[in-house]
Amino acid sequence: MASLFSCCLGCCGDNNSGHVTLKEMPTVQLDTHHMGTDVVIVKSGRRICGTGGCIANAPLHQNKSYFEFKIQSTGVWGVGVATKKANLNQIPMGRDPHSLVLRHDGTVYHNNEEKNRLPANSLPQEGDIVGVTYDHVELNLYLNGKNMNCPASGIRGTVYPVVYVDDSAILDCQFSDFYHTPPQGYQKILFEQQIF
């Protein structure tokens with residue numbers, strides 16, 4: 001009995017018994033290493049304020065990604081996708097080939113060209129939820145869970161969710177635990193190791 005007891009103690013000690021420590025999966029959030037110089041990120045990487053843009057820490061590798069933004073305070077803002085080459089200090093975004101964004105005025109811009117526009121009387125207001133789907137070809141927008149039928153495309157390369165603010169705008173990012181159910185076939189952003 002004593003030998004069984006000492007064996008159990010030996011297995012529980014710090015003598016590297018062969019047990020593997022599980023790694024916690026990383027959380028998708030705004031990346032403080034890729035943001036404008038006057039941007040402030042709070043709420044565990046989920047809220048943006050100040051002036052400028054920020055991309056998320058996870059690229060959109062999977063086929064059909066979904067994420068949301070809640071408008072906490074109106075002002076000048078934009079949401080969409082961008083590459084790491086996007087200028088996160090230049091507001092509004094969508095002026096170059098490195099970002100494709102919905103702007104606060106309801107227009108969708110890429111490479112300084114209006115690609116689409118939200119339907120009349122559908123401008124997002126304070127408290128509204130803007131959902132974004134991206135399938136490596138087309139970006140689509142949802143307002144409070146309703147499809148705005150406002151597709152846009154044209155961006156190339158590895159893209160990340162992007163958000164920018166100015167003029168007192170405050171936005172919260174939702175990369176999981178969504179306010180609205182993602183459209184059929186779309187899901188939260190997965191890190192590359194989660195895909196394979």
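Heavy-atom basis, side chains included; hydrogens, waters and symmetry copies ignored. On a predicted model such as this, the values are computed, not experimentally measured, just so you know.
- The structure places CZ of R117 at 11.0 Å from CG of L102, a figure rounded to the nearest 0.5 Å.
- When each of N89, D38, D166 is tested with T51 by the rule side chain to side chain donor-acceptor pair (under 3.5 Å), just one qualifies, namely D166.
- Hydrophobic clustering (ILVMFWY, side-chain heavy atoms < 4.5 Å, transitive): V28 and Y134 are in one cluster.
- Here the straight-line distance linking atom CD of Q29 with atom CZ of R46 works out to 10.0 Å at 0.5 Å rounding.
- Under the 3.5 Å distance criterion, the side-chain polar atoms of N57 are matched with a main-chain donor or acceptor of T27.
- When every heavy atom of Y179 is checked against every heavy atom of E68, the shortest pair comes out as N-OE1, 2.8 Å.
- In this structure, L100 CG and E113 CD are separated by 11.0 Å, a value rounded to the nearest 0.5 Å.
- Under the 4.5 Å side-chain heavy-atom criterion for ILVMFWY residues, a single connected hydrophobic cluster contains both V165 and V39.
- With sequence neighbours excluded, the residues forming a side chain to side chain contact (heavy atoms under 4.5 Å, CB included) with T83 are K85, H98, I155, V159, listed by chain and number.
- Salt bridge annotation for D135-K64: absent, with no cationic side-chain nitrogen under 4.0 angstrom from a carboxylate oxygen.
- In this structure a side-chain-to-backbone donor-acceptor pair under 3.5 Å is present from H136 to Q62.
- In this structure, Q174 CD and F69 CZ are separated by 10.5 Å, a value rounded to the nearest 0.5 Å.
- Taken together through direct or relayed side-chain contacts under 4.5 Å among Ile, Leu, Val, Met, Phe, Trp and Tyr, L60 and V162 form parts of separate hydrophobic clusters.
- When atom types are taken as modelled, the side chain of H110 and the backbone of S99 share a donor-acceptor pair closer than 3.5 angstrom.
- Between P161 and V132, the closest side-chain pair of non-hydrogen atoms is not below 4.5 Å.
- Taking CD1 of I48 as the reference point, atom SG of C54 lies at 5.5 Å (rounded to 0.5 Å).
- No continuous path of hydrophobic side-chain contacts links L30 to M93 [ILVMFWY only; heavy atoms under 4.5 Å].
- Y186 contributes atom OH, which lies 15.5 Å from atom OG1 of T181 (distance to the nearest 0.5 angstrom).
- In the hydrophobic clustering of this structure, M35 groups with V79; members are Ile, Leu, Val, Met, Phe, Trp, Tyr whose side-chain heavy atoms approach within less than 4.5 Å, directly or through other members.
- With sequence neighbours excluded, the residues satisfying side chain to side chain contact (heavy atoms under 4.5 Å, CB included) with C150 are V108, N116, L118, L141, M148.
- Ring pair F67/F175 is tilted by interplanar angle, where 30° to 60° counts as tilted.
- At distances below 3.5 Å, not a single donor-acceptor pair connects side-chain atoms of Q72 with backbone N or O atoms of K70.
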